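Here's the structure, in structure tokens; my notes come after.
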Amino acid sequence: MKMMPLVCAAFLTVTAAIAQEGAKPMSTTMPLSLSLGTATPGGGFPLYGDAFAEVMKKADPSLTLATRNTKGSTENIPLLEAGQLDLALVAGEPAYEAFKGIGRAPTKLKIITALYSNPGMFVVRADSPYKTIRDLVGKPIAFGAKGSGLVFLSRYVLDGIGLDQDKDFQAVYLDRAGDGPAMVQDGRVAALWGAGLGWPGFKAMSESPGGARFIAPDAAEIAQIRAKHAFLKPMLVGANSYPNQPMPIASVGSWSYILARQTLPDEAAYRLAKTLHGAEAALGARLAQAKETTASNTVASAPDVALIHPGVLKYFKEIGVAK
């Protein structure tokens with residue numbers, strides 16, 4: 001009888017050791033697989049989406065984000081609302097209209113994270129005679145892929161200075177975002193509209209043999225735009241953000257987001273936020289524009305903190321980013 005406590009203690013010690021050994025290779029999280037809608041090939045969203053999925057997978061091997069090319073923001077929103085996508089990248093202007101219920105009922109989609117800021121501007125060949133937005137009036141302009149949020153941004157910017165995208169320009173809408181640079185280079189269009197840092201179209205134009213120049217609203221036009229569309233924020237493209245761009249460029253724009261279907265469980269959203277927060281540095285190292293993908297930027301850029309997914313917000317409160 002006196003041996004029993006020792007036997008029990010030994011048994012418990014061995015059991016604990018086995019449990020500890022067994023815990024090392026076993027994941028404490030269940031496998032989670034989610035779909036992630038991006039946009040047409042050659043644009044910024046597929047580039048970002050692939051990098052995001054890879055970094056998240058490396059940070060949490062039991063988490064899989066399956067990227068899917070779509071027509072862009074305008075298709076991603078209804079696909080999320082129909083439950084045909086779990087997550088999707090959505091530009092700021094379509095997200096703004098969906099949240100506000102402009103031309104539709106307000107959406108119940110929620111923000112998982114802010115991606116990056118999108119200062120909008122045109123790019124032309126370096127030898128182009130065009131210097132201002134007004135110089136481009138009447139010319140063929142590639143405004144982006146048909147379903148892209150870039151098209152929304154350009155409409156708001158041009159409307160802010162009294163111009164109509166379809167009436168005052170020969171508007172060209174692309175089937176593939178990646179087709180734009182070649183069209184500028186061979187003269188089919190005078191300029192390409194785009195936005196953001198590290199945007200593939202701008203990068204391709206800047207690195208082309210003939211080089212490129214950027215055209216953005218001037219100070220007076222920025223004031224006009226913001227007076228009419230206050231949700232657009234002043235933004236700066238820092239010097240040398242693109243090859244042969246020695247001076248900073250001031251413009252206006254908004255933030256893009258990853259949105260989630262309204263039925264995404266809180267636990268899944270919490271896990272995404274926690275994994276992403278731990279991988280912010282790795283994502284920024286993988287893709288320059290993703291350096292802006294942070295918890296603090298998500299809170300700061302959200303039109304309303306209540307639009308952030310409850311699971312994400314729970315994590316943000318735990319780490320002190322949100323109140």
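Just so we're clear, the structure is a prediction, and the values are computed from it rather than from any experiment. Hydrogens, waters and symmetry mates are skipped; everything else that's a heavy atom, side chains included, is used.
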Rounded to the nearest 0.5 angstrom, the OH-OG distance for Tyr48 and Ser256 is 9.5 Å
So OG1 of Thr38 and CZ of Arg68: to nearest 0.5 Å the spacing works out to 9.5 Å
Answer yes if Phe143 and Val123 sit in the same cluster of Ile, Leu, Val, Met, Phe, Trp and Tyr residues linked by side chain heavy atoms under 4.5 Å apart, and no otherwise. yes
- Query: Do Thr67 and Leu36 come within less than 4.5 Å of each other through their side chains, counting heavy atoms only?
  - Reply: yes
- Message: Contact between Lys274 and Arg271 at the side-chain level, heavy atoms closer than 4.5 Å - yes or no?
- Response: no
**Request:** Output, in order, the C-alpha distance, side-chain angles, deciding distance and verdict of side-chain contact (heavy atoms from CB on, under 4.5 Å) for Lys131 and Ile215.
**Result:** CA-CA 6 Å; Lys131 307 291 185 183; Ile215 298 175; 5.8 Å; no
Heavy atoms of Ile112 and Ala269 approach each other most closely as CD1-CB, 4.0 Å
State plainly whether one hydrophobic cluster holds both Ile249 and Leu236, where clusters connect Ile, Leu, Val, Met, Phe, Trp and Tyr through side-chain heavy atoms under 4.5 angstrom apart.
no
For Thr275 and Ala59 the tightest heavy-atom approach is CG2-CB, 3.7 Å
- request: Kindly say whether the aromatic ring centers of Tyr242 and Phe214 come within a distance under 6.0 Å.
  value: yes
Within the 4.5 Å heavy-atom criterion, are Lys110 and Leu264 side-chain neighbours or not?
no
Check whether any side-chain heavy atom of Leu259 sits under 4.5 Å from a side-chain heavy atom of Phe99, and report yes or no. yes
(request) Would you please say whether a donor-acceptor pair under 3.5 Å links the side chains of Arg134 and Thr132? (result) no
Rounded to the nearest 0.5 Å, the CD atom of Gln165 sits from the OH atom of Tyr156 at a distance of 12.0 Å
Candidate pair Val305 and Phe316, rule side-chain contact (heavy atoms from CB on, under 4.5 Å), full reasoning: CA-CA 11 Å; Val305 174; Phe316 285 175; over 6 Å; no
Decide side-chain contact (heavy atoms from CB on, under 4.5 Å) for Arg226 and Lys233; before the verdict, give the C-alpha distance in whole Å, the side-chain angles of both, and the deciding distance to 0.1 Å. CA-CA 7 Å; Arg226 296 211 63 239; Lys233 306 300 181 187; 4.2 Å; yes
So NE2 of His277 and CD of Glu318: to nearest 0.5 Å the spacing works out to 11.0 Å
### Side chain Glu292, main chain Ser117, donor-acceptor under 3.5 Å
yes
Between Ala171 and Asp166 the two heavy atoms that sit nearest each other are CB-OD1, 3.6 Å
Item to complete: Assess whether atom NZ of Lys139 is packed by more than 12 heavy atoms of other residues, nucleotides or ligands within 6.0 Å.
Response: yes
| Min side-chain heavy-atom separation Thr74-Phe152 under 4.5 Å | yes
Interatomic distance, CZ@Arg213 vs CG@Asp127, rounded to 0.5 Å, equals 8.5 Å
d(Leu272 CG, Thr113 OG1) to nearest 0.5 Å is 10.0 Å
Is the number of heavy atoms from other residues, nucleotides or ligands under 6.0 Å of Lys203 NZ greater than 12?
-> no
When the ring planes of Tyr270 and Tyr315 are compared, do they come out parallel, tilted or perpendicular, using 30° and 60° as the limits?
perpendicular
With a 4.5 Å cut-off on side-chain heavy-atom distances among I, L, V, M, F, W and Y, is there a chain of contacts connecting Trp199 to Val124?
yes
Point to revise | 4.5 Å side-chain heavy-atom contact, His309 and Lys314 | key: no
*asked:* Can a side-chain donor-acceptor contact be found between Ser35 and Asp86 if the only test is distance below 3.5 angstrom?
replied: yes
For this session: Compare all side-chain heavy atoms of Ile111 with those of Pro303 and state whether any distance is below 4.5 angstrom.
Result: yes
Audit row: Glu93, Val151, side-chain contact (heavy atoms from CB on, under 4.5 Å) steps and yes/no: CA-CA 9 Å; Glu93 290 69 39; Val151 174; over 6 Å; no
How about Lys291: does its NZ atom have over 12 heavy atoms from other parts shown lying under 6.0 Å from it? no
Tested for side-chain contact (heavy atoms from CB on, under 4.5 Å) against Val189, the lone hit among Leu136, Val172, Ile141 is Val172
_Check for me whether the distance between the ring centres of Phe122 and Tyr130 falls short of 6.0 Å._
no
Could you tell me if the side chain of Phe52 sits less than 4.5 Å from the side chain of Leu89, heavy atoms only?
no
Minimal heavy-atom distance between Leu313 and Ala322, with the atoms involved, is CD1-CB, 3.9 Å
Is there a path of hydrophobic side-chain contacts, each under 4.5 Å between heavy atoms, that joins Leu47 and Leu65? yes
